[in-house]
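Let me begin by presenting the structure, written as structure tokens, before commenting on it.
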Amino acid sequence: MRDQDDTKAGTVDAAETRTSQPTDFIRAIIAEDKKNNKNDGKVHTRFPPEPNGYLHIGHAKSICLNFGIATENEGGLCNLRFDDTNPSKEDQEYIDSIFEDVRWLGFDWEDRLYYASDYFEKLYSFAIQLIKEGKAYVCDLSAEEIRQYRGTLTEPGKDSPYRNRSVEENLDLFQRMRAGEFSDGSRVLRAKIDMKSPNINMRDPVLYRILRATHHRTGNAWCIYPMYDYTHPISDSLEGITHSICTLEFEDHRPLYDWSLGELDIFRSRQIEFARLNLTYTVMSKRKLLQLVQEGLVSSWDDPRMPTISGLRRRGYTPESIRNFCDKIGVAKKDSMVDIALLEHCIREDLNDKAPRRMAVLNPLKVVIDNYPQDTIEEFEIPNHPDNPAMGSRKVPFGRTLCIERDDFMEDPPKKFFRLAPGREVRLRGAYFITCNEVVRDEATGEVVELHCSYDPATRGGDAPDGRKVKGTIHWVCEDRCLLSEVRLYDRLFTVENPGGDKEGPDFKAYLNPESLSTLRACRVEWSLNDAKPGEKFQFERLGYFCVDARDSSGAHKVFNRTVTLRDSWAKIEKSIEGGKKDIGDAREQSRREAPAPSLPGKDEVTIEDFAKLDLRVGIVREASVVEGSSKLIRLMVDLGEGRLRQIFAGIRPGYPKVDDLVGHKVIVVANLKPRQMKFGLSEGMILAGYDDEKISIATFEGSLQPGDKVS
RNA sequence: UGGGGGAUCGUUCAACGGUAGGACAGCGGACUCUGACUCCGUCGAUCUAGGUUCAAAUCCUAGUCCCCCAGCCA
């Protein structure tokens, strides 16, 4: 079994690991109920997955909530119950994965494992009871007819012609449904409630359908299966669930939930709804995740790019980090989209303390230390953690030829580059100072293939006795004493924040990130990693956190998954240089060095820093139309390369009597403006334009710049 | 246009008639044998319009916007 150590966490007390005391409206309700001694002060929750897919981080939120509430309350309990009422979609494989995932997350249902299918017989009896009391009837309408009779959102439904069958006939028919006398879909059992209810769920909802499918637990014992809306409240009630916590979309099912318990006059569980978790740059619906798996867009449910628990586990996430994340996101009723950066923060926070440090070179560049003795290997004792001596140390071999990261050398470096360059001295982490003397390139391609350096023997261990400092420390491995490994670099699965957000327009798969996985097969990693176990986690210094892939590694051949990069302030500097902010950056430095510039009379000044906050982007006008009811506004739909168009209202109609002329123009858009709600709609940006009292014209662009490119 | 929900910094969660606070992200700086970590600083919000009140994110009225519901799925 993999990740044995993590699995042991199965007995942790979630209340103990809680770093703060989050309070939310659900816990407030429960506290209030306890105070009033409702249910004799007992708190009993449940986590009720349907075994038709793998659990994902959204389920983790629910698991942490339900099990968390149980452990926080004296005597509180949380059941695990499979909501297995639809055999056509469910599978034992999913059940097994759910066991593993819940346990791995650190929660324990003890002896309280239940299946809705265990209640089939009781559910049937309750149905008989409803029929006898005239509260349910067998309906012979086809699925299509039921839909028509149901009415619409704005029109009431019509009573089924079978609604007033006698109790005897209903009883007979329902018993024969169970006995298998009727074909699939030919009849259903419905609750008799109110076809005119404004709540569609109350328009005589279906309770049972005929479905000949082999159930993963009950086999072929049944050919009628109860519906969720009927099964769930009764299951909760039978288990004595005091607080039945579910997601927002079930809010308007609550009247039916309450109806079932009320009409049957059994223990009243209370349903409470909260907003499900959405995470940026991923999808969270089981349907979409299943699609990714089935269409081979990812390798499996536990592909490390998946937001599934098993994917996160394989990626190198720890249960603690996920629990902590669930604490931090809170619980509320507002639809929300949590920044995946918060998840990344949580795993960094955890692994920073736990992960031993190692050195690994992903894109090797050969370095020869010319003044180092031939055929000599020495060993450095390097601590496993800079702040925690208790984590010990390991020996790292060093020799005349080394590998360093290609990115750690630049022939013509910009000012802020602190790493190796011709004539520069840097520290090899834990070893020596070296100075680059010569660059060897491939004659044909011009590519740098080797560096010749000299080392200072006096700096052994990494410090210079003369007190001289170096700006940079880089990591390295000994070329003759290292491991050749495969490293998989993962990035976000989608290129847009909300890939499932388009109701019209492209399918979510159109936004898959083609660079979500890059596999490096010629990485040089430090010798000691030879002993690394599947699932074991490390920090590769200066690169990120990595774990040994539990599926594809074998003794000699190791595969490392990058869990998450380290925070990288150099990448930001680099990006700002490339992104065309260079001029502004330099100007910023300049303005700091120089005395304040003389003020311009009569003008309100903004600083260069203020101006730099504007995110100016190239946009292409795709649509333009006049705004009825406004003499000035034109409504523009502008392409900023974001995979959707932005609506922008611009007061430029006086300059553009023929709005169609605007279509196709490249314009400059202030892209990071807070959207403004206008009378005519939301305006998501501004277009730069020039004007005097009479004329107005927008600033347009020629040339090869593309939508979304930066302008400065 | 039926019913059910929801609107607070860029994001997310608080504040329950009495100083709008935290976390993440951003920005700036200090420190550093990881451009990591840590530390310090900083930016930044109550959907709109009225009303009640000494005092409103919170109460009232009227709007606006967003989400969910017409499976014999859950």
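A quick note: this is a predicted structure, and the numbers were derived from the prediction, not measured. So that the names make sense, note that chain A is the first sequence line, chain B the second, and so on, each numbered from 1.
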Can you list the stems that include RNA chain B, where a stem is three or more consecutive Watson-Crick or G-U pairs with distances under 3.5 Å? B:2-7 with B:64-69, B:10-13 with B:21-24, B:26-30 with B:38-42, B:47-51 with B:59-63
Of all the choices, B:C72, B:A74, B:A23, which nucleotide is nearest to the side chain of A:Leu342 once you look at every atom? B:A23
Does A:Val470 have any side-chain contact (heavy atoms from CB on, under 4.5 Å) partners at least two apart in sequence or in another chain, and if so, which? A:Glu425, A:Arg427, A:Phe433
How long is the straight-line distance from OG of A:Ser321 back to OH of A:Tyr545, given to the nearest 0.5 Å? 11.5 Å
Assign each of A:Ala431 and A:Cys139 to its nearest nucleotide of RNA chain B by heavy atoms, then name whichever residue's nucleotide is nearer the 5' end. A:Ala431
Applying salt bridge (Lys or Arg N to Asp or Glu O under 4.0 Å) as the test, list every pair that has at least one member in residues 136-150 of chain A; sequence neighbours left out. A:Asp140-A:Arg165, A:Asp140-A:Arg187, A:Glu144-A:Arg147
Between P on B:C69 and CD1 on A:Ile193, what's the gap in Å once rounded to a whole number? 19 Å
Can you list everything that forms a side-chain contact (heavy atoms from CB on, under 4.5 Å) with A:Ala213? Sequence neighbours excluded, please. A:Pro87, A:Leu211
Who passes side-chain hydrogen bond (donor to acceptor under 3.5 Å, both in side chains) against A:Arg46, sequence neighbours left out? A:His232, A:Ser244
Stacking check: are the rings of A:Tyr228 and B:A74 less than 5.5 Å apart at their centres and under 30 degrees in tilt? no
Taking atom P in both B:A57 and B:G50, what distance in whole Å separates the two? 15 Å
Under the criterion ring pair (Phe, Tyr, Trp, His ring centres under 6.0 Å), which of A:Trp222, A:Tyr228, A:Tyr230 is the partner of A:Tyr208? A:Tyr230
Among residues at least two apart in sequence or on other chains, which ones pass side-chain hydrogen bond (donor to acceptor under 3.5 Å, both in side chains) with A:Arg203? none
Going by number, which of residues 247-257 of chain A have a non-hydrogen atom under 4.0 Å from RNA chain B? A:Glu249, A:Phe250, A:Glu251, A:Asp252, A:His253
Please state how far atom CG in A:Leu189 lies from atom P in B:G71, giving the value in whole angstrom units. 19 Å
When every non-hydrogen atom of A:Arg358 is compared with those of A:Ser528, the smallest separation belongs to NE-OG, 3.2 Å
When the C1' atoms of B:C9 and B:G71 are compared, how many Å lie between them, rounded to an integer? 41 Å
Any side-chain heavy atom of A:Val525 sitting closer than 4.5 Å to one from A:Met359? no
Could you classify B:G71 for me, syn or anti, using a glycosidic angle within 90° of 0 as syn? syn
Compute the centroid of each ring, for A:Phe120 and then for A:Tyr225, and state whether the two points are separated by less than 6.0 Å. yes
Value in whole Å for how far the P atom of B:U34 lies from CG of A:Leu351: 19 Å
Atom pairs under 3.5 Å, N or O on each side, protein against nucleotides 13-18 of chain B: can you list them with distances?
{"unit_1": "B:C13", "atom_1": "OP2", "unit_2": "A:Lys334", "atom_2": "NZ", "d": "3.4"}
{"unit_1": "B:A14", "atom_1": "OP1", "unit_2": "A:Val331", "atom_2": "O", "d": "3.3"}

Quote, to the nearest angstrom, the C1' distance that separates B:G6 from B:C39. 39 Å
Which part of the nucleic acid, if any, lies within reach of A:Ile146 when heavy atoms closer than 4.0 Å are counted: base, sugar-phosphate only, or nothing? base
Tell me which pairs pass ring-ring contact (aromatic ring centres under 6.0 Å, His included) where either residue lies in residues 324-359 of chain A, with sequence neighbours left out. none
Could you tell me how far apart A:His215 (NE2) and B:C73 (P) are, to the nearest whole angstrom? 14 Å
Partner set under side-chain hydrogen bond (donor to acceptor under 3.5 Å, both in side chains) for A:Gln271, not counting sequence neighbours: A:Glu273
Does the side chain of A:Lys471 get closer than 4.0 angstrom to OP1 or OP2 of B:U32 through an N or O atom? no
Take atom CG of A:Asn201 and atom C1' of B:G2, then tell me their distance rounded to the nearest Å. 13 Å
Take atom C1' in B:A14 and the same atom in B:C73, then report the distance between them in whole Å. 37 Å
List every contact pair, protein side and nucleotides 36-38 of chain B side both N or O, where the distance is under 3.5 Å.
{"unit_1": "B:A36", "atom_1": "OP1", "unit_2": "A:Ser569", "atom_2": "OG", "d": "3.1"}
{"unit_1": "B:C37", "atom_1": "O2'", "unit_2": "A:Asn352", "atom_2": "ND2", "d": "2.9"}

Distance between C1' atoms of B:G28 and B:G21 (Å, rounded): 23 Å
Picking from B:C73, B:U34, B:A70, which would you name as closest to the side chain of A:Arg429? B:U34
Between B:A45 and B:G10, how far apart are the C1' atoms? Round to whole Å, please. 10 Å
Under-4.0 Å side-chain N/O to phosphate OP1/OP2 contact, A:His475 with B:U34: no
A:Phe82 and ring pair (Phe, Tyr, Trp, His ring centres under 6.0 Å): which partner among A:Tyr94, A:Tyr114, A:Tyr115? A:Tyr115
Output yes when at least one side-chain N/O atom of A:Lys572 is less than 4.0 Å from OP1 or OP2 of B:C27, else no. yes
Would you call the rings of A:Tyr124 and A:Phe174 parallel, tilted or perpendicular, taking 30° and 60° as the class edges? parallel
Measuring only the C1' atom in each nucleotide, how far is B:G22 from B:C43? A whole number of Å is fine. 16 Å
Would you say A:Thr85 places a side-chain N or O within less than 4.0 Å of OP1 or OP2 belonging to B:A74? yes
Taking CD from A:Glu344 and C1' from B:U11, how many angstroms apart are they, rounded to a whole number? 14 Å
Go through B:G2, B:C72, B:A74 for me and flag the one nearest to the A:Thr154 side chain. B:G2
Which nucleotide sits closest to the side chain of A:Ile573: B:A70, B:G35, B:U34? B:G35
Taking only residues two or more places apart in sequence or in another chain, which ones pass side-chain hydrogen bond (donor to acceptor under 3.5 Å, both in side chains) with A:Arg429? A:Glu541
Span that lies between the P atom of B:C40 and that of B:A56, in whole angstrom: 35 Å
Between B:G71 (P) and A:Arg209 (CZ): distance, integer Å: 14 Å
Given atom CZ of A:Arg287 and atom C1' of B:A74, what is their separation to the nearest angstrom? 14 Å
Check every atom of B:G35, B:U12, B:C73 against the side chain of A:Met227 and return the nucleotide holding the closest atom. B:C73
Please name the residue in the list A:Tyr455, A:Phe398, A:Tyr432 that meets the ring pair (Phe, Tyr, Trp, His ring centres under 6.0 Å) test with A:Trp476. A:Phe398
By nearest nucleotide on RNA chain B, pick out whichever of A:Pro49 and A:Leu153 is the more 5' one. A:Leu153
So, A:Asn199 versus A:Ser197: side-chain donor-acceptor pair below 3.5 Å or not? no
